[in-house]
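Values below: every heavy atom of this structure, side chains too, minus hydrogens, waters and symmetry copies.
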Amino acid sequence: MMDVALITANANQMRYLIEYQRDSPTFYVILSLIIISLMLQIAVGVSLIFKGRFDIKGQSKSLNARRINNYVVVGVFLITIINVFIAAFSITTTTPLSQQTQIAQITQT
């Protein structure tokens with residue numbers, strides 16, 4: 001379930017970035033990090049499916065299952081690091097208080 005939540009959050013971040021932050025100085029950096037994160041998440045999901053095929057009765061005796069497990073661990077680590085950078089470089093623009101006051105006055109009339 002965490003994978004689905006993270007994919008959904010990354011897709012939502014991408015949508016917000018494309019809609020509201022096209023002029024941001026970090027637009028391309030964040031967009032590329034989100035795309036890399038999504039691709040890694042898909043690769044980890046597919047790898048887990050293949051690992052399940054090699055893992056018989058919960059015992060990972062197959063060399064392929066152990067190798068895939070190592071790739072999954074590295075992939076999850078990279079996804080975590082990339083999402084930390086996405087959160088660090090995301091710029092949220094806030095409306096200045098004077099504009100909020102003007103908007104409130106316009107909507108009241």
Exercise. To the nearest 0.5 Å, what is the distance between CG (Leu6) and CG (Leu38)?
Worked result: 8.0 Å
Exercise. To the nearest 0.5 Å, how far apart are CD1 in Ile35 and CD1 in Ile82?
Worked result: 12.0 Å
Exercise. Crowded around Phe27 CZ? As in, over 12 foreign heavy atoms under 6.0 Å?
Worked result: yes
When clusters are formed by joining ILVMFWY residues with side-chain heavy atoms under 4.5 Å apart, either directly or through shared neighbours, do [X] and [Y] land in the same one?
X: Ile34; Y: Tyr28; value: yes
X: Phe50; Y: Tyr71; value: no
X: Leu78; Y: Ile81; value: yes
X: Ile79; Y: Val29; value: yes
X: Met39; Y: Phe77; value: yes

Least distance between heavy atoms, [X] atom then [Y] atom:
X: Ile30; Y: Leu17; result: CG2-CD2, 3.8 Å
X: Ile68; Y: Ser47; result: CG2-O, 3.3 Å
X: Ser37; Y: Ile86; result: CB-CD1, 4.3 Å
X: Asn10; Y: Gln13; result: OD1-OE1, 3.0 Å

Exercise. Between Asn12 and Thr8, is there a donor-acceptor pair closer than 3.5 Å when you use the side chain of the first and the backbone of the second?
Worked result: no
Exercise. Under 30°, 30 to 60°, or over 60°: which ring-plane class applies to Phe85 and Phe89, parallel, tilted or perpendicular?
Worked result: parallel
Problem set entry | Stepwise side-chain hydrogen bond (donor to acceptor under 3.5 Å, both in side chains) check, Asn70 with Arg67 | CA-CA 5 Å; Asn70 290 338; Arg67 184 177 295 144; over 6 Å; no
